[in-house]
Each structure stands twice: as C-alpha cells, then as structure tokens.
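Here the structure comes first, spelled out in structure tokens, and everything after it is commentary.
None of these values were measured; they are calculated from a predicted model.
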Amino acid sequence: MKPLATLAGTFFYVGYMRPFSGTWGSAAALPVAYALNLVGGYWFVAIGALAAFLIGWWATAVMIEGQDDHDPSEVVIDEVAGQWIALLPVLIGASHAGVDALALWPGWLVAFFGFRFFDILKPGPIGWADQRGDALGVMLDDIIAGVAAALTVGLAAYVWHGLLM
C-alpha cells in the first residue's frame with residue numbers, strides 16, 4: 001500500500017520536485033483542474049477536491065506512519081485539494097458567463113498566489129489545523145487555506161467587476 005500512497009500523496013511524484021515542493025504541487029494542480037473543468041465543469045473540480053482530500057488523508061497517514069515528521073514536504077496532495085478549492089469561484093464565474101475558464105486568467109493568478117499566501121503564512125485556523133500533528137491536520141490546513149483563497153478570489157472579483165468597472 002505504501003507505493004500507492006506515495007504515488008497519490010506526492011501527486012504522481014511532483015512532491016519530489018525541489019525547491020518549494022508545495023508550490024510545485026499547487027502549480028501541477030492548475031492544468032489538472034482545467035482538464036477536470038473541461039470534462040465535467042466546476043462540479044467535477046469540486047468532486048475532485050473532495051476526492052483529493054479523502055485520498056490525501058489516507059495517503060498521508062500511510063506515508064507518515066512511524067515517522068517523526070508529520071508533514072513531509074513531498075506530500076503535496078493537500079496543496080492540490082486546496083488549490084482546486086481556491087479555483088472554484090473562477091470556474092463558477094466562467095461557467096455562469098459562458099466563457100472558457102482561461103478567459104478569467106486574472107482570477108487564476110489570484111487563486112494561485114492567494115492560496116500560496118495562506119498556505120505559507122498559515123494565519124488563524126490554518127495554523128491551528130497545521131499544528132494538529134496528524135494526517136488530518138496536514139490536509140485540513142490546506143483545505144482552510146483554499147477556502148480563504150476562494151474568498152479572496154471572490155472579493156477581488158467583486159472589487160474589480162463591481163467597483164472598478
């Protein structure tokens with residue numbers, strides 16, 4: 001089971017890319033989210049985020065079993081799940097506008113950098129989740145960071161489309 005957990009937890013070995021494996025994981029999540037969106041719309045990406053969370057929880061538990069490091073840097077499936085959550089407002093907006101998701105490229109940038117911001121700095125509940133010291137904490141901090149980034153995307157869209165245009 002460990003090889004399968006490693007494959008999933010590292011998001012097909014992207015987690016072994018250095019430096020900044022978490023950023024590589026977030027970047028790898030972007031084209032996969034686009035492909036999922038093309039296949040099944042934003043609902044498919046949302047289901048993918050849930051699946052990544054559940055698979056990541058299991059894979060992380062297997063990977064950290066018997067180790068002192070509860071959050072090894074090669075585990076990036078948590079970044080994938082969080083990044084997909086951060087992208088949901090962009091994908092929903094594109095769907096409602098009837099345009100290709102890439103037409104809203106500024107939202108992709110806000111989602112990516114917003115997620116990385118919250119994932120790295122870990123303010124408030126993100127830091128609490130990270131300090132749990134278990135597989136759920138590894139996944140949960142990125143889920144919360146993804147929600148914070150999604151809210152940031154929504155706020156940025158409101159400011160840009162609602163106040164400036």
Side-chain angles (χ1 to χ4, degrees), residues 1-65 67 69-95 101-102 104-105 107-122 125-127 129-130 132 134-154:
M1 284 306 229
K2 188 140 184 162
L4 187 57
T6 300
L7 181 68
T10 63
F11 198 59
F12 304 97
Y13 306 112
V14 168
Y16 290 113
M17 295 177 73
R18 298 288 183 260
F20 314 118
S21 57
T23 300
W24 285 111
S26 292
L30 298 176
V32 177
Y34 182 71
L36 290 172
N37 188 60
L38 285 177
V39 169
Y42 64 86
W43 281 108
F44 215 55
V45 178
I47 292 166
L50 177 61
F53 171 76
L54 295 173
I55 292 166
W57 188 1
W58 165 79
T60 303
V62 170
M63 290 178 70
I64 67 173
E65 186 176 351
Q67 293 186 11
D69 186 2
H70 81 279
D71 192 359
S73 62
E74 63 268 15
V75 173
V76 296
I77 190 70
D78 51 334
E79 273 82 13
V80 172
Q83 188 64 71
W84 288 349
I85 291 169
L87 284 170
L88 285 174
V90 178
L91 302 176
I92 292 167
S95 175
L102 294 181
L104 303 183
W105 63 267
W108 287 75
L109 292 175
V110 173
F112 179 79
F113 288 109
F115 175 70
R116 295 309 303 143
F117 173 84
F118 289 112
D119 186 33
I120 291 167
L121 293 183
K122 300 188 185 316
I126 302 166
D130 184 60
R132 286 179 50 97
D134 60 4
L136 178 59
V138 170
M139 295 304 299
L140 200 54
D141 77 304
D142 289 275
I143 297 302
I144 300 169
V147 170
L151 292 171
T152 302
V153 169

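Under a 3.5 Å cut-off, the side chain of Trp84 and the backbone N or O of Ala29 do form a donor-acceptor pair. Looking only at distances, a side-chain donor or acceptor of Thr152 sits under 3.5 Å from a matching main-chain atom of Ala148.
The stretch residues 39-49 participates, sequence neighbours left out, in no side-chain hydrogen bond (donor to acceptor under 3.5 Å, both in side chains) pair at all.
Counting heavy atoms from C-beta outward, His70 and Arg132 have side chains that stay 4.5 Å or more apart.
We find the CG-CG distance between Asp78 and Asp71 to be 6.0 Å, quoted to the nearest 0.5 Å. To the nearest 0.5 Å, atoms OG (Ser26) and CZ (Phe11) are separated by 10.5 Å. Taken to the nearest 0.5 Å, the OG atom of Ser73 stands 9.0 Å off from the OH atom of Tyr16. Annotation: the span from Phe115 atom CZ to Glu79 atom CD amounts to 5.5 Å, rounded to 0.5 Å. Remark: Leu140 CG to Asp134 CG distance equals 9.0 Å, nearest 0.5 Å.
By the 6.0 Å contact criterion, CZ on Phe44 is open, its count of non-hydrogen atoms from other residues, nucleotides or ligands being 12 or less.
Taking the six-membered ring where tryptophan is involved, the planes of Phe53 and Trp57 are tilted, since the angle between them lies from 30° to 60°.
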Does the side-chain contact (heavy atoms from CB on, under 4.5 Å) test come out yes or no for Leu4 and Trp58, once each step is laid out? CA-CA 11 Å; Leu4 187 57; Trp58 165 79; 4.2 Å; yes
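Met63 pairs with exactly one of Asp69, Ile77, Val138, Thr10 by the side-chain contact (heavy atoms from CB on, under 4.5 Å) rule, that one being Thr10.
By the salt bridge (Lys or Arg N to Asp or Glu O under 4.0 Å) test, Asp119 is found to be paired with Arg116, Lys122, residues two or more places apart in sequence or in another chain being considered.
Gly9 and Ala59 get closest at one heavy-atom pair: N-CB, 3.8 Å.
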